[in-house]
Amino acid sequence: YFVSKKIRGKRYLYIVWGKRVGKKTKTIKQLYLGSADRVAELLSAPIPKFASRSYGDMSLLLHIAELTCFVEIVNKHAQKKASIGNYLLLPIINRLLAPTSKAGISEWHAKTCLPLLESKRLSLSSQSYWHYLGRLDEGKMAAIWQELVSNAKNKLGVEDTTFLYDPTNVFTYIDEHDGNALPQKGHSKQMRNDKNLLALGLVIGEQSELPHEYSCYPANVHDSKQFPNAVPRFAGRQKIGKEKITLVFDKGNNSQAGFDAMRGYYFVGALTKNNTEVAELIDGNFKFCYKNRNGNEIRSVSKMANVYGMSCKIVVSYNKKLEEKQLHSLGERTAKTMLKFKKIDHFFTSEKAAFRALAEILPKKQNPFDYEVAKEGKKFRALLNLNEEKLAAYRKGAGKNIIFTNHLDWGDERIIRVYRSMHKIENQFRLLHGAMLVPLKPVYHWTDQKIAAHVFLCMVALLFAKTLEFICKNRINGNFRQI
């Protein structure tokens with residue numbers, strides 16, 4: 001309880017602890033609080049505000065930047081007195097921790113621990129970034145990227161010989177205008193065919209999962225047309241001989257020109273189910289191959305054949321669980337499409353409107369429907385029919401993958417496992433398409449040079465993230481002080 005004591009004409013406040021002893025209360029402890037004026041002053045004073053700043057995540061990323069010598073490499077190739085590397089490091093770290101536009105980096109920077117660590121205050125206006133990004137031409141970005149990857153590989157002891165290649169694209173809100181070649185219409189992976197797209201080809205190490213190479217190109221260039229350009233560019237930067245390189249890719253990249261560019265390299269790829277060489281294998285006698293990590297049996301059948309003018313081994317893998325899942329999805333998509341078609345108005349004032357309505361309801365993949373627009377008087381009628389032959393073909397191929405390689409001495413299991421590792425590059429695309437870590441969009445730039453520079457910073461951020469992940473997976477060994 002509180003006790004007020006008057007000493008020499010002034011009041012003082014105490015907290016007193018008492019204990020009942022017999023019929024009286026005895027003081028066993030008292031705590032002096034101060035004079036009445038002092039206590040009143042303390043109680044009426046505003047509560048101080050404390051700023052909390054995170055150091056751990058920032059320290060890790062600064063460590064990765066130091067490990068790869070990012071600032072020094074950028075400054076060397078930029079050949080300017082100003083430390084462009086320090087400026088460009090900030091949007092990379094921002095992309096990994098709290099993605100924002102270039103205009104929002106200044107506000108984000110002020111809330112981090114970076115102002116306490118920097119010896120010189122940086123100008124962080126969006127105009128400053130516009131100025132510094134303008135100094136990165138295609139040649140400088142390529143040289144910086146190559147040296148960064150080389151440093152990361154050397155410091156981590158990475159020796160990849162198997163590489164995964166896959167293209168993707170992201171939609172933008174960039175309008176078409178003169179002088180811009182990168183943003184183009186194409187087949188959107190995110191079903192946004194109404195928007196201009198940016199296409200991105202990526203190569204990562206199968207074991208390390210580090211990004212080794214990337215290319216940004218117009219989205220109206222088909223994947224199979226871009227592939228012959230990507231192979232020499234990537235392979236020419238590897239220090240190992242071409243006979244030691246194995247490139248893994250999907251069937252969308254197949255073309256005669258692509259395989260002509262692959263001469264001398266090993267590869268693992270995929271074929272479409274209507275390829276003449278695999279027709280007999282689809283109905284072949286599948287034998288047990290191995291069990292995957294989910295405990296599902298993977299069965300296979302294989303043969304030697306000539307594909308794209310090369311002696312290859314074709315392997316067809318079969319997963320019963322995957323077949324059940326794909327057949328269920330196919331049935332659901334088919335039923336939903338039929339239901340949507342019944343709900344739409346089948347007559348339209350223009351042929352274009354009718355085709356647009358059909359495009360909105362048709363499945364984006366494995367479409368078993370035939371459709372057309374017929375003119376009836378002044379109206380246009382949308383027609384939709386289920387193609388039983390297409391449906392039967394999709395059912396026949398469910399749960400099966402057709403893989404081929406020029407590694408003629410490899411067993412079925414090894415070929416299947418290497419091809420199935422393509423999920424690793426898909427995981428990295430999810431990071432680039434997401435909103436939390438290394439998002440590639442939105443793109444707040446309009447010229448090709450600035451767009452390419454934006455993609456470059458995002459890819460360096462991805463390299464930092466995968467370098468840190470590699471360290472955590474392979475270098476800790478139970479001792480977290482190594483981080």
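Between the side chain of Ser128 and the backbone N or O of Leu124 there is no donor-acceptor pair closer than 3.5 Å. Counting only distance, with no hydrogens or angles, the side chain of Arg95 and the backbone of Pro439 share a donor-acceptor pair below 3.5 Å. For Lys400 (side chain) and Ile282 (main-chain N/O), a donor-acceptor pair under 3.5 Å exists by modelled atom type. Under a 3.5 Å cut-off, the side chain of Gln326 and the backbone N or O of Gly399 do form a donor-acceptor pair. When atom types are taken as modelled, the side chain of Asp160 and the backbone of Ser208 share a donor-acceptor pair closer than 3.5 angstrom.
You'll find the ring centres of Phe341 and Phe369 outside the 6.0 Å limit. Aromatic ring centroids of Tyr87 and Tyr132 lie under 6.0 Å apart.
Put simply, CG on Leu463 and CD1 on Ile64 are 9.0 Å apart, with the number rounded to the nearest 0.5 Å. Taking OG1 of Thr162 as the start and CG of Leu247 as the end, the distance is 9.5 Å to the nearest 0.5 Å. Remark: Ile403 CD1 to Met422 CE distance equals 11.0 Å, nearest 0.5 Å.
Here ring pair (Phe, Tyr, Trp, His ring centres under 6.0 Å) pairs that include residues 304-330, with residues two or more places apart or in two chains, are Phe259-Tyr308, Phe286-Tyr318.
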Would you tabulate the side-chain donor-acceptor contacts of residues 220-232 under 3.5 Å, counting partners in other chains and residues two or more places apart, or write 'none'?
residue, atom, partner, partner atom, Å
His222, ND1, Ser224, N, 3.0
His222, ND1, Ser224, OG, 2.8

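The side-chain hydrogen bond (donor to acceptor under 3.5 Å, both in side chains) test with His77 singles out one residue from Glu72, Glu147, Arg135, and that residue is Glu147. Of the residues His212, Gln207, Glu206, the one that meets the side-chain contact (heavy atoms from CB on, under 4.5 Å) test with Phe163 is His212.
A side-chain donor-acceptor contact under 3.5 Å links Asn387 and Asp370. Donor-acceptor pairing under 3.5 Å is lacking for the side chains of Asn319 and Glu323.
Under the ring pair (Phe, Tyr, Trp, His ring centres under 6.0 Å) criterion, Tyr173 pairs with Phe171, not counting sequence neighbours.
For Lys450 and Trp130, the positive end sits near the middle of the six-membered ring, less than 6.0 Å away and at most 45° from its axis.
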